[in-house]
Amino acid sequence: MKQYRVGIVGATGMVGQRFATLLENHPWFHVTALLASKNSAGKTYKEVVSGRWAMQSPIPASMADMTLLDADDIDGVKDKVDFVFCAVNMPKDQIVDLEERYAKAEIPVISNNSAHRGYPDVPMVIPEINADHIQVIDSQRKRLGTRCGFIAVKSNCSIQSYVPALTPLKEVYGLNSVLACTYQAISGAGKTFDRWPEILDNVVPYIAGEEEKSEKEPLKVWGHVENGQIVSCSDVSITTQCLRVPVSDGHIAAVFARFDKKPDLEEIKKIWADFKGPAQELKLPSAPKQFIHYFTEPDRPQPRLDRNLENGMAVSVGRLREDSQYDIKFVCLSHNTLRGAAGGGVELAELLAVKGYLD
């Protein structure tokens with residue numbers, strides 16, 4: 001596989017740090033630019049992040065002494081990278097502007113941000129599920145007037161557990177309606193316990209914008225490509241509630257689902273165990289060998305025990321049973337900054353590389 005020069009836009013934030021650790025020894029991607037705000041530009045990476053490094057592993061040695069570049073100086077970046085990951089903390093309209101300026105400078109953008117997720121010609125991809133959506137990049141390039149540049153996004157971290165678990169069941173039984181309550185880790189807010197002591201012994205029953213994303217984004221993932229645009233799925237209804245809980249990493253979802261055909265519990269477990277997608281078929285470096293793991297123990301999955309399964313890229317499921325109001329209910333877990341954020345972004349970039357979109 002070709003070697004790619006990679007930039008991380010928003011490298012000093014929590015997701016940017018996660019990108020840095022994941023890319024330190026990546027077989028295809030080599031970090032050649034770290035980009036941040038004007039205030040950080042000109043300083044070394046370790047100088048800026050050492051006081052707020054949130055990862056368990058140390059600052060990557062190959063990046064520690066790299067000088068941070070101004071993320072707004074795109075002309076100074078484009079000769080240094082083949083594509084960028086973007087994980088900035090800015091108002092939505094500013095993110096749209098920044099990412100489109102990178103794309104129009106012929107720098108592909110793989111974004112962790114939500115700003116472009118609603119655009120019908122911007123693929124929002126979970127590589128195991130809807131890899132075919134990347135074909136809309138051709139239409140997006142026409143809109144942007146680019147030859148190489150484009151924007152691709154990963155979906156919201158909160159849907160990364162229950163959408164994978166429901167997808168193969170949807171194909172077999174015909175998914176009708178879903179109720180999902182998510183219990184989300186503080187790293188999803190860019191926080192650690194040191195920086196958010198108020199969350200200890202507490203639950204916050206509101207996360208701004210999260211329920212809307214959790215209800216709409218699965219429908220785009222389950223949609224289809226038509227005339228160069230992604231048309232969202234219209235035959236499934238989803239309602240959610242999202243709570244912030246005192247867990248460092250790992251989002252849990254309690255899921256209730258109703259189907260067109262009555263499902264069989266033992267058959268569901270086999271469907272989950274056998275579920276594979278393009279990421280596994282292509283043997284992408286970041287893809288888990290087994291995407292969905294089912295736990296038979298009554299008290300699993302648990303974030304502390306199961307969030308790092310298969311390098312944090314697998315989905316854990318447990319407590320599958322019949323429900324009195326819906327057909328089934330179960331609990332599922334995914335690592336929100338790995339599968340749900342930077343890891344999902346890296347896996348998406350691997351898919352795009354294999355399919356030739358980064359050349």
Side-chain angles (χ1 to χ4, degrees), residues 1-49 59-116 119 122-123 137 140-141 143-154 341-342 344-346 348-353 356-359:
M1 171 59 68
K2 173 182 172 179
Q3 300 296 298
Y4 294 86
R5 301 169 304 155
V6 179
I8 304 173
V9 183
T12 61
M14 184 174 282
V15 176
Q17 293 176 23
R18 181 68 77 182
F19 272 121
T21 61
L22 290 175
L23 295 170
E24 183 178 15
N25 298 304
H26 195 279
W28 303 349
F29 304 149
H30 177 60
V31 176
T32 55
L34 298 171
L35 303 109
S37 67
K38 286 183 174 65
N39 293 335
S40 298
K43 301 173 183 176
T44 65
Y45 191 44
K46 67 181 179 185
E47 185 181 357
V48 173
V49 302
I59 301 169
S62 60
M63 303 175 212
D65 294 315
M66 288 180 67
T67 300
L68 289 165
L69 304 177
D70 182 357
D72 207 44
D73 181 18
I74 297 173
D75 286 337
V77 176
K78 61 183 180 182
D79 292 332
K80 295 180 172 62
V81 299
D82 296 311
F83 72 94
V84 297
F85 294 104
C86 188
V88 294
N89 184 14
M90 295 163 55
K92 184 174 180 178
D93 59 336
Q94 294 180 28
I95 295 174
V96 169
D97 175 70
L98 181 69
E99 292 182 343
E100 288 196 356
R101 284 193 288 122
Y102 272 89
K104 288 177 179 178
E106 302 295 359
I107 304 170
V109 178
I110 290 85
S111 177
N112 185 71
N113 306 302
S114 64
H116 273 105
Y119 285 58
V122 174
I137 288 172
Q140 183 195 145
R141 282 172 169 163
R143 173 173 64 85
L144 296 175
T146 61
R147 182 176 57 86
C148 303
F150 65 87
I151 300 156
V153 299
K154 52 148 292 296
V346 172
L348 171 54
E350 293 165 356
L351 172 68
L352 292 164
Y357 283 92
L358 299 178
D359 296 333

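For the single chain, residues carry numbers from 1 onward in sequence order. Any value given below was found using the heavy atoms of this structure, including those in side chains, with hydrogens, waters and symmetry copies removed.
Contact check for Val153 versus Pro123: no side-chain heavy atoms found under the 4.5 Å cut-off. In this structure the side chain of Ile8 never reaches within 4.5 angstrom of the side chain of Leu35, judged on heavy atoms. Looking at Val122 and Ile137, their side chains never come closer than 4.5 Å, going by heavy atoms from C-beta outward. Put simply, the side chain of Ile59 does not reach to within 4.5 Å of the side chain of Met63, judged on heavy atoms. Val6 is not listed as a side-chain neighbour of Val84, based on a closest heavy-atom distance of 4.5 Å or more.
Minimum interatomic distance between Pro108 and Cys148 (heavy atoms only, all atoms of both residues): CG-O, 3.8 Å. Here the closest heavy-atom approach between residue Ala342 and residue Val15 is recorded as CB-O, 4.0 Å. Closest approach of Ser62 to Glu24, counting heavy atoms only: OG-CG, 4.4 Å. Leu348 approaches Ala152 most closely through the heavy-atom pair CD2-CB, 4.1 Å. For Val81 against Gly7, the heavy-atom pair with the smallest separation is CG1-N, 3.6 Å. Across all their heavy atoms, Ala105 and Ile74 have their closest contact at CB-CG2, 3.6 Å.
If you take CG on Asn112 and SG on Cys86, they are separated by 8.5 Å, rounding to the nearest 0.5 Å. Between Phe83 atom CZ and Phe150 atom CZ the span is 8.5 Å, to the nearest 0.5 Å. Residue Ile95 holds its CD1 atom at 6.5 Å from OG of Ser114, rounded to the nearest 0.5 Å.
Ion pair Arg143/Glu100 flagged as a salt bridge, since at least one NZ, NE, NH1 or NH2 atom sits closer than 4.0 Å to an Asp/Glu carboxylate oxygen.
Judged purely by atom type and a 3.5 angstrom limit, Asp82 uses its side chain to pair as donor or acceptor with the backbone of Arg5. Put simply, the side chain of Gln140 gets close to the backbone of Ile151: a donor and an acceptor are under 3.5 Å apart. Of the possible polar contacts, one joining the Tyr45 side chain to the Ala11 backbone as a donor-acceptor pair under 3.5 Å is found.
Applying the side-chain hydrogen bond (donor to acceptor under 3.5 Å, both in side chains) test to every pair with at least one member in residues 8-18, sequence neighbours left out, gives these pairs: Arg18-Thr337.
Side-chain contact, Glu106 with Thr146: no donor N or O sits under 3.5 Å from an acceptor N or O.
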Test log, rule side chain to side chain contact (heavy atoms under 4.5 Å, CB included), inputs Leu69 and Leu34:
CA-CA 6 Å; Leu69 304 177; Leu34 298 171; over 6 Å; no
Any chance you could lay out the side chain to side chain contact (heavy atoms under 4.5 Å, CB included) test for Val96 and His116, step after step, and finish with the verdict?
CA-CA 7 Å; Val96 169; His116 273 105; 3.8 Å; yes
Distance-only criterion, 3.5 Å: show the donor-acceptor pairs between side-chain atoms of residues 25-33 and protein atoms not counting sequence neighbours.
| unit_1 | atom_1 | unit_2 | atom_2 | d |
| --- | --- | --- | --- | --- |
| His26 | ND1 | Trp28 | N | 2.9 |
| His26 | ND1 | Phe29 | N | 3.2 |
| His26 | NE2 | Glu350 | OE2 | 2.6 |
| Thr32 | OG1 | Lys80 | O | 2.7 |

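The side chain to side chain contact (heavy atoms under 4.5 Å, CB included) check on Asp72 picks up Lys38, Asp70, Leu98, Arg101, with sequence neighbours excluded. Checked against side chain to side chain contact (heavy atoms under 4.5 Å, CB included), Gln94 has the following partners two or more places apart in sequence or in another chain: Met90, Pro91. Partners of Ser40 according to the side chain to side chain contact (heavy atoms under 4.5 Å, CB included) rule, which considers only residues two or more places apart in sequence or in another chain, are Ala36, Ser37, Val48, Leu68. Applying the side chain to side chain contact (heavy atoms under 4.5 Å, CB included) criterion to Asn89, with sequence neighbours excluded, gives no partner residue.
The aromatic rings of Phe19 and Phe85 lie parallel to each other, their planes meeting at an angle below 30°, with 60° marking the opposite boundary.
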